[in-house]
Participant: 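This is the structure I have questions about; it appears just below.
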Amino acid sequence: MDHIPAATPRPRRRPLTLDVSWVLSPLLALPGVVSGVVLSRDGLILGGSADVSVEAGERTAAMTSSVLGAARALCEGLSNGADGEVVDIVISAGTGYYYLAPAGDRAAIVVAATGAVNVGSLAYEVQLQVQKLIKALNDASAARTPETPA
């Protein structure tokens with residue numbers, strides 16, 4: 001009888017899905033903030049406020065990724081070797097503001113607000129949530145590393 005080698009045990013991993021919509025809750029509680037999306041750097045939706053449809057969220061994530069990429073290229077091109085990191089982008093529109101903020105090198109947050117929003121308070125709160133999002137993504141990434149067999 002032939003000997004069949006035992007299968008090599010595969011490292012256990014956690015599921016890939018990670019809903020980070022919770023990061024938007026404190027932002028949506030601010031007066032004037034109406035909706036938001038969390039996205040990956042490559043433009044995939046990672047979470048969104050309840051009023052954002054899947055289609056609108058995906059479109060917003062793709063556009064935001066493109067805008068942030070263009071802003072990074074602009075900063076790198078004009079910084080003459082200095083640190084040209086994009087911290088945030090505020091777009092003033094006829095209906096209010098769009099606030100975009102990268103969250104490390106893997107994600108970003110974008111929120112839409114009316115003209116009544118306090119942009120300074122919004123900027124502060126978004127940066128707090130950016131730090132929480134970075135930590136959550138780092139923790140999720142660390143949890144996905146292969147476990148050593150016992």
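Nothing fancy with the numbering, it's 1 onward along the sequence.
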Participant: Group every Ile, Leu, Val, Met, Phe, Trp and Tyr by side-chain heavy-atom contacts under 4.5 Å, then state whether Leu24 and Trp22 land in the same group.
Facilitator: yes
Participant: When rounded to the nearest 0.5 angstrom, what is the spacing between CG in Leu27 and CG in Leu122?
Facilitator: 7.0 Å
Participant: Treating Ile, Leu, Val, Met, Phe, Trp and Tyr as nodes and any side-chain heavy-atom pair under 4.5 angstrom as an edge, say whether Val117 and Leu28 lie in one connected cluster.
Facilitator: yes
Participant: Report the distance from atom CD1 of Ile45 to atom CZ of Arg59, rounding to the nearest 0.5 Å.
Facilitator: 10.5 Å
Participant: To check you understand the geometry: which heavy-atom pair defines the closest contact between Val23 and Pro26, and what is its length?
Facilitator: O-CD, 3.6 Å
Participant: Apart from Val34 itself, which Ile, Leu, Val, Met, Phe, Trp or Tyr residues share its cluster (side-chain heavy atoms under 4.5 Å, direct or through members)?
Facilitator: none
Participant: Could you tell me the separation between the OH atom of Tyr97 and the CG atom of Asn118, rounded to the nearest 0.5 Å?
Facilitator: 10.0 Å
Participant: Between Ser65 and Leu68, does a side-chain contact (heavy atoms from CB on, under 4.5 Å) hold up when you go through it step by step?
Facilitator: CA-CA 5 Å; Ser65 177; Leu68 288 170; 6.0 Å; no
Participant: For the residue pair Ala71 and Ile89, what are the closest heavy atoms and their distance?
Facilitator: CB-CD1, 3.5 Å
Participant: Would you indicate whether the side-chain heavy atoms of Asp19 and Leu46 approach each other to under 4.5 Å?
Facilitator: no
Participant: Let me see the working for Leu133 and Ile109 under side-chain contact (heavy atoms from CB on, under 4.5 Å), right down to the final yes or no.
Facilitator: CA-CA 9 Å; Leu133 179 57; Ile109 296 173; 3.9 Å; yes
Participant: Let me confirm one number: the OH-OG distance from Tyr98 to Ser35, rounded to the nearest 0.5 Å.
Facilitator: 7.5 Å
Participant: In Å, rounded to the nearest 0.5 Å, how long is the span from OH of Tyr99 to CD of Gln127?
Facilitator: 4.5 Å
Participant: Going through the distances and angles, do Arg41 and Arg72 end up as a side-chain contact (heavy atoms from CB on, under 4.5 Å)?
Facilitator: CA-CA 12 Å; Arg41 184 169 180 163; Arg72 279 189 288 275; 2.8 Å; yes
Participant: Any chance you could lay out the side-chain contact (heavy atoms from CB on, under 4.5 Å) test for Leu44 and Leu39, step after step, and finish with the verdict?
Facilitator: CA-CA 5 Å; Leu44 301 176; Leu39 59 132; over 6 Å; no
Participant: For a quick test of reading the model, state the closest non-hydrogen atom pair linking Ile134 to Gly104 and the distance between them.
Facilitator: CD1-N, 3.4 Å
Participant: Answer yes if Met63 and Leu74 sit in the same cluster of Ile, Leu, Val, Met, Phe, Trp and Tyr residues linked by side chain heavy atoms under 4.5 Å apart, and no otherwise.
Facilitator: no
Participant: How close do Gly47 and Ser21 get, counting heavy atoms only, and between which atoms?
Facilitator: CA-OG, 3.2 Å
Participant: Any side-chain heavy atom of Lys132 sitting closer than 4.5 Å to one from Gln129?
Facilitator: yes
Participant: Restricting to non-hydrogen atoms, name the atom on Ala103 and the atom on Val130 that form the minimum distance, rounded to 0.1 Å.
Facilitator: CA-CG1, 3.7 Å
Participant: To the nearest 0.5 Å, what is the distance between CG (Leu100) and CG (Asp88)?
Facilitator: 9.0 Å
Participant: Determine the minimum heavy-atom distance between Val86 and Pro102, stating which atoms define it.
Facilitator: O-CG, 3.3 Å
Participant: Going only through I, L, V, M, F, W and Y residues with side-chain contacts under 4.5 Å, is there a path from Val126 to Val33?
Facilitator: yes
Participant: Is it true that a side-chain atom of Thr64 and a backbone atom of Thr60 form a donor plus acceptor pair closer than 3.5 Å?
Facilitator: yes
Participant: Looking at Ser40 and Ala107, would you say the former's side chain and the latter's main chain have a donor-acceptor pair under 3.5 Å?
Facilitator: no
Participant: Do Arg106 and Asn138 come close enough that some side-chain heavy atom pair is under 4.5 Å?
Facilitator: yes
